[in-house]
Amino acid sequence: MEEFGVPSEKIFIFPNYAPENYYLAKRKKLPDNPQKIAIISNHPPQEMRDFSQKAFTRNIDVCFIGMDDNFQFVNQELLNQYDLLCFYR
């Protein structure tokens, strides 16, 4: 980033705080067309809410997890329940 003119004092590296078992866990075989989708965000964009309505008409379950929706602790067991995960900050 410094090569592109970003001052070193403006560069911060945040480690991945997810435990190692989150990304080393063996995943189930996923379907060709996801049927269960989790959108994890405290502030999901409106287009994701619009998408969830369209997905519902195709029998696709979209679950919002976050401060304003289904607020719960996100762990490996929860994530493994879904075919597709979307994270938004």
Side-chain angles (χ1 to χ4, degrees):
M1 292 179 70
E2 290 175 322
E3 290 178 18
F4 291 96
V6 178
S8 61
E9 64 271 7
K10 298 281 186 178
I11 300 171
F12 300 95
I13 298 174
F14 294 95
N16 183 348
Y17 287 103
E20 187 175 353
N21 63 332
Y22 274 55
Y23 51 90
L24 293 180
K26 186 174 182 179
R27 295 288 311 220
K28 63 183 178 180
K29 181 170 178 356
L30 299 176
D32 291 335
N33 297 305
Q35 294 299 303
K36 194 167 182 182
I37 300 171
I39 298 174
I40 302 171
S41 176
N42 287 330
H43 309 284
Q46 184 59 45
E47 57 265 24
M48 292 310 295
R49 296 206 184 269
D50 296 343
F51 162 77
S52 71
Q53 296 299 313
K54 292 177 182 177
F56 179 77
T57 66
R58 295 186 178 186
N59 296 318
I60 298 172
D61 181 26
V62 178
C63 180
F64 287 88
I65 300 170
M67 192 167 52
D68 293 332
D69 295 287
N70 182 14
F71 187 71
Q72 62 182 300
F73 182 71
V74 176
N75 59 23
Q76 179 185 350
E77 290 77 26
L78 176 70
L79 298 178
N80 285 341
Q81 296 176 28
Y82 296 92
D83 301 327
L84 180 66
L85 304 169
C86 301
F87 296 92
Y88 288 95
R89 295 187 322 134

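- Between Ser41 and Pro44, the shortest heavy-atom distance links the atoms OG-N, 3.2 Å.
- Taking CD1 of Ile37 as the start and SG of Cys63 as the end, the distance is 11.0 Å to the nearest 0.5 Å.
- Partners of Glu47 according to the side chain to side chain donor-acceptor pair (under 3.5 Å) rule, which considers only residues two or more places apart in sequence or in another chain, do not exist here.
- The salt bridge (charged side-chain N to carboxylate O under 4.0 Å, His left out) pairs that include a residue from residues 34-44 number zero, where partners must be two or more places apart or lie in different chains.
- Annotation: side chain of Asp69 is in contact with side chain of Arg49 (closest heavy-atom distance under 4.5 Å).
- Take Asn42 and apply the side chain to side chain donor-acceptor pair (under 3.5 Å) test, not counting sequence neighbours, and it matches no residue.
- Remark: Phe87 pairs with Ile40, Leu79, Leu85 by the side chain to side chain contact (heavy atoms under 4.5 Å, CB included) rule, at least two apart or across chains.
- Sorted by first and then second residue, the pairs that involve residues 50-67 and meet side-chain hydrogen bond (donor to acceptor under 3.5 Å, both in side chains), not counting sequence neighbours, are Gln46-Asp50.
- Contact detail for Asn70 and Phe64: the closest heavy-atom pair is CB-O, 3.1 Å.
- Here the shortest heavy-atom pairing between Leu78 and Asn75 reads N-OD1, 2.9 Å.
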